[in-house]
Asks: 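The following block contains the structure, expressed as structure tokens.
Atoms within each ligand, like the ligands themselves, are counted from 1 in listed order.
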Amino acid sequence: MEKKPFVTLEQVREIAKIYPTPFHIYDEKGIRENARRLKEAFSWNKGFKEFFAVKATPNPYILKILREEGCGTDCSSYTELLMSDACGFTGKEIMFSSNVTPRQDFALAAKLGATINLDDFTHIDFLDEIAGIPETICCRYNPGGDFKINNDIMDTPGEAKYGFTKPQLLEGFRILKERGAKHFGIHAFLASNTVANEYYPVLAKILFETAVELQRATGVHIAFINLSGGVGIPYRPEQQPNDIYEIGRGVQKAFEEILVPAGMGDVAIYTELGRFMLAPYGHLVAQVTHQKHIYKEYVGLDACAANLMRPAMYGAYHHITVLGKENAPCDHKYDVTGGLCENNDKFAIDRMLPEIEIGDYVVIHDTGAHGFSMGYNYNGKLRSAEILLKEDGSFQLIRRAETPEDYFATFDFTGIFDDYASKSFTMDAQELKAKSKA
Ligand SMILES: *Cc1c(COP(=O)(O)O)cnc(C)c1O
């Protein structure tokens with residue numbers, strides 16, 4: 001499928017007058033429509049709820065939009081819990097799915113009344129000691145081995161650090177019940193970024209069968225099954241996108257075949273999607289600042305891997321559109337790079353694109369999840385702004401760009417470099433502009 005940006009060159013020019021590139025921009029309309037499709041696809045299940053994986057796009061404005069669409073949050077850390085709380089998510093609207101969990105994180109999750117999803121058998125005692133065992137509790141399951149769909153290996157849970165084994169789950173549920181837990185959930189995340197409508201249905205079948213087995217063996221009330229994240233998106237134009245309605249029907253079929261006959265038709269289905277909810281509705285917008293002709297043709301951007309780590313980290317494909325040249329022939333081959341002193345700082349290698357000139361604006365697609373949030377400050381690079389393209393076509397700054405002051409904020413120069421203690425690191429923007437023009 002052709003990948004079309006949700007912004008035009010004219011819009012980007014308008015925005016860049018106020019907020020210089022690079023920036024991440026999010027499409028409110030796309031986010032809302034997609035969230036509504038997900039909700040509709042699972043409307044057959046009375047208790048259905050999506051808990052948005054905050055780590056994908058930890059921005060309060062995004063969380064607020066998702067909250068208005070009926071989503072909760074899935075947190076994995078102390079600060080994500082704080083952000084959910086600040087955004088008005090309360091109690092059972094928050095899922096806490098962490099691992100290697102610090103004590104204060106469990107304490108805060110318990111204080112907020114979040115639903116805690118234990119990653120490990122030893123966390124039963126650990127949590128009990130910190131905050132007691134709550135009435136509602138969830139355990140993360142790891143079936144081990146390979147995870148297959150139609151004999152294709154999708155991932156290898158046996159190599160993953162997460163979750164309880166089956167015997168641990170059985171024993172864990174017994175212990176939790178003894179210590180006062182009344183409502184139980186089961187959670188698993190067995191494959192990431194799946195572009196296959198079968199993923200959730202196959203996972204659901206495993207979890208539903210496990211739920212029936214655990215219910216029979218321990219007599220506990222299974223209140224919900226959390227299918228977690230992993231529903232992916234087509235990063236490449238030739239990929240076929242997931243059909244969320246077909247996915248919903250596939251899960252429904254397994255539900256009716258396994259849970260309903262076992263008298264467990266009241267089980268709520270939860271999801272913890274991040275990528276599916278946000279990735280297509282975010283772009284990294286950058287400007288071409290340099291071109292270099294050596295053994296290969298290089299296009300240098302004002303963005304770098306510090307703004308989007310996925311290509312450098314996973315060799316991930318992100319589609320690129322040169323704004324204003326959407327219909328021009330892709331007859332030039334480029335490596336599109338950032339300016340880090342790391343040769344893997346390349347957004348694209350040997351990519352066929354229209355002829356590029358300095359000053360062109362490019363859209364790097366599908367950066368709405370695990371994009372900005374994986375950013376870092378290597379090479380002293382500063383994090384970009386985040387902008388929301390609202391439904392009425394106007395735009396709003398939802399996170400300002402970092403300044404050098406932010407970068408230095410964690411140092412205290414007092415008594416060491418006294419000259420610096422009082423120094424302002426931010427050159428006045430006007431002064432900077434004047435200098436760069438001179
Ligand atoms: C990362 C994560 C998610 C979201 O994963 P996506 O691939 O973005 O859907 C959900 N749940 C947990 C526990 C996670 O760690």
Asks: Decide whether an N or O pair under 3.5 Å exists between Asp74 and ligand 1.
Replies: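 In this structure, Asp74 places an N or O atom under 3.5 Å from an N or O of ligand 1.
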Asks: May I ask you to list the atoms of ligand 1 that are less than 4.0 angstrom from any heavy atom of Arg275?
Replies: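 Counting atoms of ligand 1 from 1, those under 4.0 Å from Arg275 are 6 (P), 7 (O), 8 (O), 9 (O).
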Asks: Examine the proximity of ligand 1 to Arg140 and report which part, side chain or backbone, both or neither, has a heavy atom under 4.0 Å away.
Replies: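 The answer is the side chain of Arg140.
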Asks: Output the list of atoms in ligand 1 that are nearer than 4.0 Å to some heavy atom of Gly229, sorted by atom number.
Replies: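 Ligand 1 atoms under the 4.0 Å threshold to Gly229: 5 (O), 9 (O), 10 (C).
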Asks: Taking distance alone, with N or O pairs closer than 3.5 Å, would you say His187 contacts ligand 1?
Replies: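 His187 vs ligand 1: no N/O contact under 3.5 Å.
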Asks: Between Glu391 and Arg32, is there a side-chain N and carboxylate O pair less than 4.0 Å apart?
Replies: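 The answer is yes: the pair qualifies as a salt bridge.
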Asks: Which of the numbered atoms in ligand 1 are under 4.0 angstrom from any heavy atom belonging to Gly230?
Replies: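 So the answer, numbered in order with elements, is 6 (P), 7 (O), 9 (O).
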Asks: Say whether Asp345 and Thr337, considering side chains only, have a donor N or O and an acceptor N or O under 3.5 Å apart.
Replies: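 Note: Asp345 and Thr337 side chains miss the donor-acceptor criterion.
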Asks: Looking only at protein heavy atoms, identify the closest one to atom 14 (C) of ligand 1 and say how far it is in Å.
Replies: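 Answer for atom 14 (C) of ligand 1: Lys55 NZ, 2.8 Å.
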Asks: Is the NZ or CZ atom of Arg310 positioned over Phe347's six-membered ring, under 6.0 angstrom from the centre and within 45° of the axis?
Replies: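 No - Arg310 does not lie over the ring of Phe347 by the 6.0 Å and 45° rule.
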Asks: Does Ala53, backbone or side chain, put an N or O under 3.5 Å from an N or O of ligand 1?
Replies: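 So ligand 1 has no N or O lying under 3.5 Å from an N or O of Ala53.
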Asks: Taking heavy atoms and a distance under 4.0 Å, where does Phe189 meet ligand 1: side chain, backbone, both or neither?
Replies: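 Under 4.0 Å from ligand 1, Phe189 contributes side-chain atoms alone.
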Asks: Could you verify whether a donor N or O on one side chain and an acceptor N or O on the other, from Ser84 and Glu80, lie under 3.5 Å apart?
Replies: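 Judged by distance alone, the side chains do not pair up.
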Asks: Could you list the atoms of ligand 1 found under 4.0 angstrom from a heavy atom of Ser228?
Replies: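 Counting from 1, the qualifying ligand atoms are 10 (C), 11 (N), 12 (C).
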Asks: Between the side chains of Gln215 and His221, is a donor N or O closer than 3.5 angstrom to an acceptor N or O?
Replies: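 Not at all, the side chains of Gln215 and His221 share no donor-acceptor pair under 3.5 Å.
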Asks: Could you identify the single nearest non-hydrogen protein atom to atom 11 (N) of ligand 1 and state the distance to 0.1 Å?
Replies: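 Residue, atom and distance for the closest contact: Glu272 OE1, 2.7 Å.
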Asks: Give a yes-or-no answer on whether the side chains of His318 and His365 include a donor-acceptor pair shorter than 3.5 Å.
Replies: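 No, no side-chain donor-acceptor pair sits under 3.5 Å.
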Asks: Has ligand 1 got any nitrogen or oxygen that is less than 3.5 angstrom from a nitrogen or oxygen of Leu273?
Replies: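 In this structure, Leu273 places no N or O atom under 3.5 Å from an N or O of ligand 1.
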Asks: Decide whether an N or O pair under 3.5 Å exists between Ser97 and ligand 1.
Replies: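 Ser97 vs ligand 1: no N/O contact under 3.5 Å.
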Asks: Can Asp335 and Arg351 be counted as an ion pair, charged N to O under 4.0 angstrom?
Replies: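 Judged by the 4.0 Å cut-off on N to carboxylate O distance, Asp335 and Arg351 do not form a salt bridge.
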Asks: Return yes if a side-chain donor-acceptor contact under 3.5 Å exists between Glu93 and Thr73, otherwise no.
Replies: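 No - no donor-acceptor pair under 3.5 Å links their side chains.
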Asks: State the atoms of ligand 1, each with its element, that fall below the 4.0 Å cut-off from a heavy-atom position in His370.
Replies: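 Counting from 1, the qualifying ligand atoms are 6 (P), 8 (O).
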Asks: Between Lys29 and Glu33 (salt bridge meaning N to carboxylate O under 4.0 Å), is one present in this structure?
Replies: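 Judged by the 4.0 Å cut-off on N to carboxylate O distance, Lys29 and Glu33 do form a salt bridge.
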